[in-house]
2 protein chains.
Amino acid sequence: MSKNVKTAPAHGGSEVRDRILETASELFYRRGVRAVGVDLVVERSGVAKTSLYRHFGTKNDLVAAFLKREDQDFWGTWDRVSERHSDDALAELDAHCEWIGERVGRRNYRGCPQINTAAEFPEIDHPARIVAETHMREMRRRLNVIAEKLQVARPDRLAGQLAVIINGAFVSMPLFEAGEATELLRHAAHALIAASGD
Amino acid sequence: MSKNVKTAPAHGGSEVRDRILETASELFYRRGVRAVGVDLVVERSGVAKTSLYRHFGTKNDLVAAFLKREDQDFWGTWDRVSERHSDDALAELDAHCEWIGERVGRRNYRGCPQINTAAEFPEIDHPARIVAETHMREMRRRLNVIAEKLQVARPDRLAGQLAVIINGAFVSMPLFEAGEATELLRHAAHALIAASGD
DNA sequence: TTGACATCATACAGACCGGTATGTTTTAGA
DNA sequence: TCTAAAACATACCGGTCTGTATGATGTCAA
């Protein structure tokens, strides 16, 4: 018999909490938040309802945790790509266009979780909206850093435009043919850089 | 006493049907489709539930009608702008950037109904998704016509990029400061045109 | 006047929603 | 081994959801 040790996961949270959050994230992303009831999350994660409500006081809290998790994942990827090009802002931007284009082009890509969830909860003060808006502004901020490294005339406007094409790519997947997104994004980014002095 | 004539509206549908659809459209757009129950639509439109279900067999049918209505409205505006610039493709594109930018910048703008509703209903064969994807492809098609008039090297790619920035603007309103969107869009469009031979 | 039909008001069915209450079993650590 | 916390299973609460059933009231045209 194995010891069946219940190791607490490296990152603080409990194992049960992690299982709930992972299951919920998958379901929320795949089917939409409102379409997924807590009972389904409980059943799919093989956990007691009481446990879910111990770790997340409310469904809304679970949704917020979901978005935070997706956020961390997104910026984690971003940072990993970023680090590989710390000396070349243009190459970094190209690399971002590449992984974002690749991600958008996946056959079951369902869009940016932040944007999708914000669309489900229009109330301006809803936690999901706040997370989503923070996410967008963080992207513009990071793009601003790149734009400044590129020494363009108006880095702020360029950053805004780059954020728009990236957000646009997230919601335009029905428009793309296989593999089209990366090249389209990259070419657009270069065009915007070239014109950023006008 | 007035005659209280029950004139059938010019466009075929009955007056009751119109009232229901108008009320539902407002509510769906403002609060999201899933957040609005048929009972609320019934109450707000001052109509019997039976009447709603006579004109729209199902809530889904009502949702589809809502999206179709929004679609017609959108292309109606588009066409009106288009006609004013039938001889100058660049001026037409500028004009589209202007009204779209203006619309996005409104203080209670809640995004593109097609995109928002598609986010609420991920099932690939859901009527709402189909309408939304048709809407997007129609936009790319129209932008393609403009791109061809502009005689650029790769009109198809340019049309895709323009569609992306427009969709991007629809979902990026938290990023924009007041009145920023139009200039940002227009400048980006020009940049993409200028680079479309590369 | 009569008959067909649209609209009204109301109540209900059956499922699902988020959340709580209760009590038992398992696990971890002193 | 004993204790306290955590996870378990299950049942329930009140509310809301889409959709239907029922029957009264109003309207128009033959």
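Basis for what follows: all heavy atoms, side chains included, without hydrogens, waters or symmetry-related copies. Residue numbers begin at 1 in each chain, while the letters A, B, ... track the order of the sequences.
- In the model, A/T182 has no side-chain atom that pairs as donor or acceptor with a side-chain atom of A/E98 under 3.5 Å.
- For the pair A/E183 and A/R186, the salt-bridge criterion is not met [side-chain N within less than 4.0 Å of a carboxylate O].
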With sugar-phosphate taken as primed atoms, P, OP1 and OP2 and all else as base, the protein-contact string of nucleotides 11-23 of chain C at under 4.0 Å (heavy atoms; B, S, -) is ------SSBBBB-

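- In this structure, A/I20 atom CD1 and D/dC8 atom C1' are separated by 12 Å, rounded to whole Å.
- Looking at A/E180 and B/R140, a side-chain N of the basic residue comes within less than 4.0 Å of a carboxylate O on the acidic one, giving a salt bridge.
- Counting non-hydrogen atoms under 4.0 angstrom, B/R17 reaches nothing in the nucleic acid.
- Residue A/H55 places at least one side-chain N or O closer than 4.0 Å to OP1 or OP2 of D/dA7.
- B/Y29 contributes atom OH, which lies 10.0 Å from atom OG1 of B/T117 (distance to the nearest 0.5 angstrom).
- Side chain of A/E120 to backbone of A/R34: a donor-acceptor contact under 3.5 angstrom is found.
- Rounded to whole Å, atom P of C/dT27 lies 15 Å from atom CZ of A/R54.
- There is no side-chain donor-acceptor pair under 3.5 Å between B/H85 and B/D94.
- Regarding B/E43, its CD atom lies at a distance of 12 Å from the P atom of D/dT16, rounded to whole Å.
- One can place CZ of A/R19 at 16 Å from P of D/dA6, the figure rounded to the nearest angstrom.
- Distance B/F56 CZ to C/dA6 P: 15 Å, rounded to the nearest Å.
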